[in-house]
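Residue indices begin at 1 and follow the sequence shown.
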Amino acid sequence: MLASVRDRAEALIVLEAGVDLIDLKNPADGALGALPVDVIRDVVDVVAGRTTTSATAGNIEPDAIGLQVAMASIAATGVDYVKAGLFPRGWTHGGRDYAGVFGCLTALQPLPGTRRIAVMFADLAPSLDLVDAVAEAGFDGVMVDTALKQGRSLCDVASSDWLADFIARARGRSLLCGLAGSLRIEHIDVLAAQAPDYLGFRGALCVGRERGSELDREAVRRVRQRLRAIEHDAVV
């Protein structure tokens, strides 16, 4: 279970619930809004050794230099994973040209001591060839999310077959793979059956299921409990 949080207080709530991955992002700034580095560093210091952390580098269109600088800044906080979005140029106005994304991946440099996860967006019509490009660029993982937070979930914009193909490609490339995108507790069973490495949540954990609201402890507990039940059944 990945839980996205925006500060120390929220990190402590999900840590208490036993989440596997604490993801730091600013939900008020779109799909991959970046938090200030001092906030990220504060959370990393608080949860160090108790769970894994990731943080987003921002909503950056294809720009290898800009993305490299942003990722390096996030990596300097000590976070375990840095997440980079694969946004096609002009995506906020309907642009779906991924040529620049492939070029950007080729130009990015490793971040010594920090692992990298690339984020594809199912509602922006990405090619699954991006999974291969991510692997060839030396990333450690890839995940699918939704970019346009307009009430549609991952299950609304991606078919089961497409998700299965995504996971198969990621596994074939030995990449950590995750699924997210306005997921609700009722999506857990069907998506867990696809056997990704993790499922990511924000809105489902918040008051009123609004991703910009504060976290609801009971909602966090319910999601964690449902995932634990599935994990238990898989082992049995």
Peer 1: Among pairs that include at least one residue of residues 91-106, which meet salt bridge (charged side-chain N to carboxylate O under 4.0 Å, His left out), considering only residues two or more places apart or in two chains?
Peer 2: none

Peer 1: Less than 4.5 Å apart, side chain to side chain, heavy atoms only: is that true for L191 and C155?
Peer 2: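 Sidechains of C155 and L191: in contact.
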
Peer 1: Kindly give the heavy-atom pair with the smallest separation between P126 and A122, and that separation in Å.
Peer 2: CD-O, 3.9 Å

Peer 1: So do the side chains of V47 and T53 get within less than 4.5 Å of each other, counting heavy atoms only?
Peer 2: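 In short, these two side chains touch, coming nearer than 4.5 Å.
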
Peer 1: Which residues pass the side chain to side chain contact (heavy atoms under 4.5 Å, CB included) test with D189, not counting sequence neighbours?
Peer 2: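 With neighbours one apart ignored, the set is R226, I230.
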
Peer 1: Please list all pairs meeting ring-ring contact (aromatic ring centres under 6.0 Å, His included) that have one or both residues in residues 161-219, counting only residues at least two apart or in different chains.
Peer 2: none

Peer 1: I want to check something: taking the side chain as every heavy atom from C-beta on, are I117 and V142 in contact at a cut-off of under 4.5 Å?
Peer 2: no

Peer 1: State, yes or no, whether a side-chain contact exists between T51 and L15 at a heavy-atom distance under 4.5 Å.
Peer 2: yes

Peer 1: Measure across A137 and L105 and return the closest heavy-atom pair with its distance rounded to 0.1 Å.
Peer 2: CB-O, 3.4 Å

Peer 1: Looking at residues at least two apart in the chain, or sitting in another chain, which of them share a side chain to side chain contact (heavy atoms under 4.5 Å, CB included) with D197?
Peer 2: R171, L176, C177

Peer 1: Answer yes or no: is there a donor N or O on one side and an acceptor on the other, between the side chain of Q109 and the main chain of Q68, under 3.5 Å?
Peer 2: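 Judged by distance alone, no pair lies under 3.5 Å.
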
Peer 1: Which pair of non-hydrogen atoms, one from M71 and one from A57, has the smallest distance, and what is that distance?
Peer 2: CG-CB, 3.9 Å

Peer 1: Locate the shortest heavy-atom distance separating A17 from R228; write the atom from each residue and the value.
Peer 2: O-NH2, 3.4 Å

Peer 1: Mind listing the closest non-hydrogen atom pair of A219 and A204 along with its distance?
Peer 2: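 Smallest heavy-atom distance, with atoms named: CB-O, 3.5 Å.
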
Peer 1: Taking CD in E16 as the centre, count heavy atoms belonging to other residues, nucleotides or ligands within less than 6.0 Å. Is the count above 12?
Peer 2: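 Not more than 12 within 6.0 Å, no.
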
Peer 1: State which residues pass side chain to side chain donor-acceptor pair (under 3.5 Å) with K25; sequence neighbours excluded, sorted by chain then number.
Peer 2: none

Peer 1: List the residues meeting side chain to side chain donor-acceptor pair (under 3.5 Å) with Y81, not counting sequence neighbours, and say none if there are none.
Peer 2: R115

Peer 1: Would you call T146 and S153 a side-chain contact if the rule is heavy atoms closer than 4.5 Å?
Peer 2: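 T146 does not reach S153 side chain to side chain.
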
Peer 1: Okay, side chain of R152, backbone of L148: is any donor-acceptor separation there less than 3.5 Å?
Peer 2: no

Peer 1: Do E136 and R173 touch side chain to side chain, with heavy atoms closer than 4.5 Å?
Peer 2: yes

Peer 1: Which pairs pass salt bridge (charged side-chain N to carboxylate O under 4.0 Å, His left out) with one or both residues in residues 80-93, sequence neighbours excluded?
Peer 2: D23-K83

Peer 1: Taking all atoms of both residues into account, what is the closest heavy-atom pair of A3 and V19, and its distance?
Peer 2: CB-CG1, 4.0 Å

Peer 1: Which residues satisfy the side chain to side chain donor-acceptor pair (under 3.5 Å) test with E218, sequence neighbours excluded?
Peer 2: R221

Peer 1: Measure the shortest side-chain to side-chain distance between V131 and M120 over non-hydrogen atoms and say whether it is less than 4.5 angstrom.
Peer 2: yes

Peer 1: Any ion pair linking R209 and E186 (charged N to carboxylate O, less than 4.0 Å)?
Peer 2: yes

Peer 1: Exactly one of I74, T77, V79 should register a side-chain contact (heavy atoms from CB on, under 4.5 Å) with R41. Which one does?
Peer 2: T77

Peer 1: List in chain and number order the residues that pass side chain to side chain contact (heavy atoms under 4.5 Å, CB included) with V207, two or more places apart in sequence or in another chain; answer none if no residue qualifies.
Peer 2: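 With neighbours one apart ignored, the set is S213, E214, D216.
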
Peer 1: Apply salt bridge (Lys or Arg N to Asp or Glu O under 4.0 Å) to D42 and R8, showing your working.
Peer 2: CA-CA 7 Å; D42 178 50; R8 174 199 285 238; 2.5 Å; yes

Peer 1: Contact between L154 and L163 at the side-chain level, heavy atoms closer than 4.5 Å - yes or no?
Peer 2: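 Counting from C-beta outward, L154 and L163 do come under 4.5 Å.
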
Peer 1: I'd like to know if the side chain of T56 reaches the main chain of G33, judged simply by a donor and an acceptor atom lying under 3.5 Å from each other, with no hydrogens or angles considered.
Peer 2: yes

Peer 1: Who pairs with E10 by salt bridge (Lys or Arg N to Asp or Glu O under 4.0 Å), at least two apart in sequence or on another chain?
Peer 2: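 So E10 forms a salt bridge (Lys or Arg N to Asp or Glu O under 4.0 Å) with R6, R202.
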
Peer 1: Sequence neighbours left out, what passes side chain to side chain donor-acceptor pair (under 3.5 Å) with R224? Give chain and number order.
Peer 2: D20, E231

Peer 1: Which residues satisfy the side chain to side chain contact (heavy atoms under 4.5 Å, CB included) test with N59, sequence neighbours excluded?
Peer 2: D29, A31, L32, F87

